[in-house]
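Okay, so here's the structure we're looking at.
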Number of protein chains: 2
Amino acid sequence: MTGSDRTLRGFVGYGIKRAFSAIQSDVNATLAPFGLRMLTYSALAVIRDNPGLRQTQLAEILLIERPNLVLILDELEGADLVVRTRARDDRRAYELKVTLKGRRLCDRATEAVAAHDARMLEGMDESMRETLHQALRLIEMNGRSSDDRGKVSRP
Amino acid sequence: MTGSDRTLRGFVGYGIKRAFSAIQSDVNATLAPFGLRMLTYSALAVIRDNPGLRQTQLAEILLIERPNLVLILDELEGADLVVRTRARDDRRAYELKVTLKGRRLCDRATEAVAAHDARMLEGMDESMRETLHQALRLIEMNGRSSDDRGKVSRP
DNA sequence: GGAGAATTGTTATGTAACGTAACTAATACG
DNA sequence: CGTATTAGTTACGTTACATAACAATTCTCC
């Protein structure tokens with residue numbers, strides 16, 4: 001035998017990391033034909049769900065900092081998938097919308113991702129999938145709530 | 001309401017990404033007091049479980065490429081947690097072992113990580129945890145097996 | 001037993017996905 | 001009005017990866 005990771009296997013964190021990196025490379029391969037990556041696809045999908053969204057809001061939803069969005073949106077805009085139009089009620093902000101081209105690409109990509117997702121879930125029955133879903137949500141919440149401990153106390 | 005990610009929420013991949021990044025920052029904070037990061041801790045723990053391991057094998061276990069290990073091991077060795085000793089049966093290779101100091105640190109860090117892991121699982125009963133565990137393994141396998149499709153066919 | 005192939009660790013280098021600090025333009029607010 | 005805040009941006013740094021090329025060593029096999 002070549003060696004084992006028995007200690008680490010005890011941790012969910014380790015399992016999640018492995019599952020995630022397995023998915024990640026795979027999903028990027030799925031999106032490559034569309035000229036998209038995980039991040040650009042995510043942004044595209046969220047904008048499609050929320051026309052008129054501001055960049056700050058998008059950053060909040062995706063849990064990334066605003067500066068990181070700039071390049072992502074530049075890329076999407078450069079590919080004519082998204083437009084930034086100045087908001088007329090607040091000329092600092094942009095309203096984000098997907099173009100027709102963006103909508104079509106997004107829908108096709110969403111199909112592909114859905115198919116990919118289904119493949120990752122092969123071998124699980126409906127109840128297992130549901131449990132997995134809930135468990136992930138729970139972990140996300142458990143993580144975020146421990147964030148607060150280190151944040152603003154009373155300014 | 002500020003905007004939603006309903007499309008993405010349908011995908012396990014998205015849930016895993018979120019759960020993972022929630023864990024990641026948190027676990028790095030847990031390890032920081034020990035002077036470790038996720039990667040260095042993982043390497044340390046695996047070496048502790050497999051004294052005499054070669055770097056190539058460690059890379060395989062951790063699913064990273066050999067060059068990336070070099071810096072990680074430099075760091076661990078520089079902190080006197082690990083030693084590289086030339087293997088006498090193959091003078092190209094190193095045998096990796098944790099030092100006494102490394103063993104102690106590893107054990108304390110493992111405790112801390114275990115506590116952290118437990119916090120992430122709060123709100124789940126035993127059966128839910130077990131299901132989560134299995135589900136993650138399954139996803140990992142589903143991902144890896146689709147790797148093969150793109151790899152060596154018949155050299 | 002010696003030449004070419006393979007393997008171990010390494011160096012150099014590139015990239016993607018983040019984060020922080022500091023700036024500009026615009027708005028809000030007392 | 002003037003000061004603080006906010007939206008997007010620029011510049012820059014870090015971490016976690018990957019690939020290519022290389023020296024030293026070992027393997028293979030004729």
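Throughout, a chain's letter reflects where its sequence line sits, starting with A, and its residues are numbered from 1.
Atom CG in Leu31(A) sits roughly 15 Å away from atom P in dA16(C) (whole-Å rounding). The distance between atom CD of Glu60(B) and atom C1' of dG9(C), rounded to the nearest whole Å, is 14 Å. Rounded to whole Å, atom C1' of dG9(C) lies 14 Å from atom CG of Leu53(B). A straight line from CD1 of Ile72(A) to C1' of dA16(C) spans 10 Å, rounded to a whole angstrom. The separation between Arg54(A) atom CZ and dT9(D) atom P is 13 Å, rounded to whole Å. Straight-line distance from the CG atom of Leu71(A) to the P atom of dT15(C): 14 Å, rounded to whole Å. Rounded to whole Å, atom P of dG8(D) lies 9 Å from atom CG of Leu69(A). The CZ atom of Phe20(B) sits 15 Å away from the P atom of dT15(D) (whole-angstrom rounding).
Screening residues 101-111 of chain B for side-chain hydrogen bond (donor to acceptor under 3.5 Å, both in side chains), with sequence neighbours left out, gives Tyr41(B)-Thr110(B), Arg48(B)-Asp107(B).
Using a 4.0 Å cut-off, some side-chain N or O of Thr56(A) falls inside it from OP1 or OP2 of dG8(D).
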Which pairs, protein N/O on one side and nucleotides 16-20 of chain D N/O on the other, fall under 3.5 Å?
unit_1  : atom_1 : unit_2   : atom_2 : d
dA16(D) : OP2    : Arg37(B) : NH1    : 2.1
dC17(D) : OP2    : Lys17(A) : NZ     : 3.2
dA18(D) : OP2    : Glu65(B) : N      : 2.9
dA18(D) : OP2    : Asn68(B) : ND2    : 3.2
dA18(D) : N7     : Asn68(B) : OD1    : 3.2

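Residues Ile61(A) and Ser4(B) approach most closely at CD1-N, 3.9 Å, considering heavy atoms. Among all heavy-atom pairs drawn from Ser42(B) and Leu62(B), the shortest one is CB-CD2, 4.0 Å. Contact record, Val46(A) with Asp5(B): CG2-CB, 4.2 Å, taken as the closest heavy-atom pair. Taking all atoms of both residues into account, the shortest heavy-atom contact from Gly143(B) to Ala22(A) is CA-CB, 4.2 Å. Summarising the geometry of Ile16(B) relative to Ala19(A), their closest heavy-atom pair is CD1-CB, 4.1 Å, with the distance given to 0.1 Å.
In this structure, the separation between CD1 on Ile72(A) and CD on Glu77(A) is 13.5 Å, given to the nearest 0.5 Å.
In the displayed structure, Arg66(A) atom CZ is contacted under 6.0 Å by at most 12 heavy atoms of other residues, nucleotides or ligands.
Checked for salt-bridge contact, Glu95(A) and Arg86(A) miss the test: no charged N lies under 4.0 Å from a carboxylate O.
Near DNA chain C, defined here as any heavy-atom distance below 4.0 Å, the residues from residues 76-94 of chain A are Asp90(A), Arg91(A), Arg92(A), listed numerically.
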